[in-house]
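For reference, the structure is listed below as structure tokens.
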Amino acid sequence: MGPVRTRFAPSPTGYLHIGGVRTALFNWLLARQAGGQFILRIDDTDSERNRAEALQPILDGFRWLGIDWDEGPEVNGPCAPYFQSQRNERYVQAAMILLEKGHAYPCYRLPAELQKEREAAEKAKKPYVHRGEHRQTSPEECLRLYREKKAALRLKVPDEGVISISDRIRGVVEWQASLIGDPIILRPDGRALYNFATVIDDSEMKITHVVRAAEHLSNTPVQALVYRALGAEMPEFAHVPVVNEPNSKKKLSKRDMKKFLTPEVRAKLMAVGWTAEAIEIRDDLNPATVAFYKELGYLPSGLVNYLGRLGWSLDDKTEIIPLADMIHNFSLERVNNSSASFDPDKLFWVAGEYMKNLPLSEKVEKVIPFLQRAGLLNAQPSEAERKKVQTIVAACGDRLKLFSDVLSYGTPFFLKDPLYETKALSKRVAKEGVPDLLREFSAKLRQLPDYSVPTLEQALRDFCQEKQINTGLVIHALRVATTGIEVGPGVFDCLHILGREESIRRIDLALELATPPAPGQ
RNA sequence: GCCCCCAUCGUCUAGUGGCCUAGGACAUAGCCCUCUCACGGCUAAGACAGGGGUUCGAGUCCCCUUGGGGGUACCA
């Protein structure tokens, strides 16, 4: 066997599905570990859609995640083309060889007739195994018949015997050949069927490891028979367990993804600037797709780590596995054989762990687009503005788990006036004695020698000490007065970011709002 | 119906016959730290689907049942 070559063969559906990425990732890891090649092949045999448009989101998704391909769309390679729709003549050619060699035969039965037979068998509680009448016809005669009148071409399945494959994840799996009906490999119009096309492609592309979703396990005996008939070398098979819906044993389906677009999900998307209409049009924006996480500002490295750990583990305790370690340590033998539920909470946590380790400068770069989209920053931020963003991001610290979190923590620093939460204002500012304290402290702010975080903190502590009051009282009041909200970076960071004049202006503004003029005045 | 696959805390997992009184992580709850939130620290609760075997000994091996999933296509 030559160098390790793995592949992922998505249909151009217009989005990159989470479950698919996991399978692709395992393939990619295997290839990278062995210094082999990872191939992207597009299964577009039945696609009537605009291919370029439906393919782009998939390529974008992989690129965003850093999963690169050595051969495939846009990069090409020695086995081009990498679109099944452009490879049909190869399938026809291969089918003709099987016909000549007596491994295939034409079948003139109509689908409707077969359907009836199937139903009859079902009623009789007997397995339905289709065997066409031309199974015994000589290859020469079959070829003559086929030339005379095109028909569906069926593969001859042995009458008896066991088809056995050794799956790298499942172990040995066997099927009775007598229970497998002769499958169609070519339609009367010459279009190949999946089970046939896949084998031709995998064989021609010298794929050494077919790592795919477990739902393909049942296709494998037929494919094994095609390899055998072709006289081609069989690749290693590894069927990875499917990814289930959160908290469910149901497969995370590509169909019916709309149900993941819950009100909460919609709210998250709208918080980062998507309108309800845009979400409707971009029907791929939901938690089952990669694009969703990109839009919400998840770190791609976090998503890759999470997906890699879903169904595979390094040992009994490691959760955070840098990509290089994952490449180095990945093995099919440690892939679980039971299906796994996708857990958005854990993904969120992993993404946060990666964010903690991201250099500040990178956070700043990645956060800027979210601020721009929200209209808080213009398209060409000045050096001063970038500096301000940096200060804000630094002040956010570990609170920033997603890039979009900059909106919940940073917005008050970009608005002209804070958006005051009424409740917070009445709870923290419009409170017995607090307005006077704020006024006094505000006056102190004016006199500070500088406006740094330590100076501010010292000033406040001294002030509270002097007044014999709890520091929290003033701190909470200050935070609400200057940012409008109760949660966020440390209050001294907030004051520092705003600067002296703006801090004081906002305190005055809050006091105005919180203390309505006394009646009669 | 028939064929194939799967089965440890709510979820992801460790476990390859004695190291298991079943370990870790997310989520949950409580406490601590603390200017809020987040981070961090500590603690709690929480699982071997059921039944038979095999064995001195079973989460681990075998069988059955149950439950999930996939296939049974001129879908992929």
Side-chain angles (χ1 to χ4, degrees), chain A residues 9-11 13 43-47 84 107 109-111 114-115 118 121-130 151-154 167 169-170 173-176 179-181 183-189 191 193-195 197-198 213-222 239 241-242 244 246-251 254 306 309-320 334 336-350 352 356 396-401 405 408-409 424 428 457 460 470-480 483 485-492 494:
Chain A
S11 303
T13 48
D43 260 349
D44 55 353
T45 46
D46 75 335
S47 177
Q84 289 197 320
C107 175
R109 303 289 296 277
L110 270 5
L114 300 174
Q115 183 59 30
R118 199 168 300 136
E122 167 108 12
K123 225 171 233 169
K125 297 193 175 184
K126 284 170 89 173
Y128 176 70
V129 182
H130 181 79
L153 240 38
R154 283 186 193 271
D167 189 281
I169 294 172
R170 316 268 146 185
V173 186
E174 298 179 327
W175 293 265
Q176 291 293 330
L179 261 20
I180 298 173
I184 292 190
I185 56 174
L186 216 59
R187 296 181 176 96
D189 64 6
R191 278 150 60 227
L193 273 95
Y194 169 78
N195 267 335
T198 299
E215 61 217 67
H216 288 286
L217 185 58
S218 325
N219 291 324
T220 312
V222 167
H239 288 91
V242 298
N244 291 333
N247 282 308
S248 151
K249 285 180 176 172
K250 273 169 73 187
K251 182 185 154 193
K254 287 192 204 171
Y306 173 75
R309 259 292 279 116
L310 189 64
W312 172 80
S313 63
L314 176 59
D315 54 31
D316 59 339
K317 40 179 69 87
T318 313
E319 298 289 345
I320 303 303
R334 280 195 73 83
N336 239 122
N337 36 18
S338 53
S339 59
S341 308
F342 177 68
D343 183 356
D345 286 336
K346 187 150 182 180
L347 167 58
F348 179 71
W349 174 77
V350 175
K356 280 187 202 166
C396 285
D398 291 343
R399 273 167 279 248
L400 196 83
K401 294 183 169 189
D405 286 339
S408 36
Y409 297 120
R428 300 298 192 185
E457 176 150 16
L460 182 119
N470 196 317
T471 51
L473 189 66
V474 184
I475 281 172
H476 291 132
L478 273 174
R479 186 199 321 284
V480 172
T483 67
I485 52 180
E486 286 193 279
V487 299
V491 75
F492 307 111
C494 292

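When reading the values below, keep in mind they use all heavy atoms of this one structure, side chains included, and skip hydrogens, waters and symmetry mates. Convention: sequence-line order gives letters A, B, ...; per-chain numbering from 1.
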Protein-nucleotides 39-42 of chain B N/O pairs under 3.5 Å:
residue: B:rC39; atom: OP1; partner: A:Lys401; partner atom: NZ; Å: 3.2
residue: B:rC39; atom: O3'; partner: A:Lys356; partner atom: NZ; Å: 3.0
residue: B:rC39; atom: O2'; partner: A:Asp398; partner atom: OD2; Å: 2.9
residue: B:rG40; atom: OP1; partner: A:Lys356; partner atom: NZ; Å: 2.8

Indicate, with a heavy-atom threshold strictly under 4.0 Å, whether A:Lys317 touches base, sugar-phosphate, or nothing. sugar-phosphate

Phosphate oxygens OP1/OP2 of B:rG15: is one of them under 4.0 Å from a side-chain N or O of A:Arg334?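 Answer is yes, contact under 4.0 Å.
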
Is there side-chain contact between [X] and [Y], with heavy atoms separated by less than 4.5 Å?
X	Y	answer
A:Thr220	A:Val173	no
A:Arg428	A:Arg479	no
A:Arg334	A:Ser313	yes

I'd like the P distance from B:rA44 over to B:rC35, given in whole Å. 28 Å

Rounding to the closest angstrom, what is the interatomic distance between B:rG46 and B:rA22 at atom P?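 Result for the P pair: 11 Å, nearest Å.
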
When both hydrogen-bonding distances must be under 3.5 Å and the geometry is Watson-Crick or G-U wobble, what is B:rA25 paired with, if anything? B:rU11

What is the base-pairing partner of B:rA38, counting Watson-Crick and G-U wobble geometry with both distances under 3.5 Å? none

Provide, to the nearest angstrom, the distance between the CD atom belonging to A:Glu319 and the P atom belonging to B:rA14. 11 Å

I'd like to know if A:Glu215 reaches the base of B:rG71 with its side chain, counting only an N/O donor and acceptor under 3.5 Å. no

Could you list all N or O pairs between the protein and nucleotides 1-10 of chain B that sit under 3.5 Å apart?
residue: B:rG1; atom: O2'; partner: A:Lys125; partner atom: O; Å: 3.2
residue: B:rC5; atom: O2'; partner: A:Arg170; partner atom: NH1; Å: 2.6
residue: B:rA7; atom: OP1; partner: A:Asn337; partner atom: OD1; Å: 3.4
residue: B:rG10; atom: O2'; partner: A:Asn247; partner atom: OD1; Å: 2.9

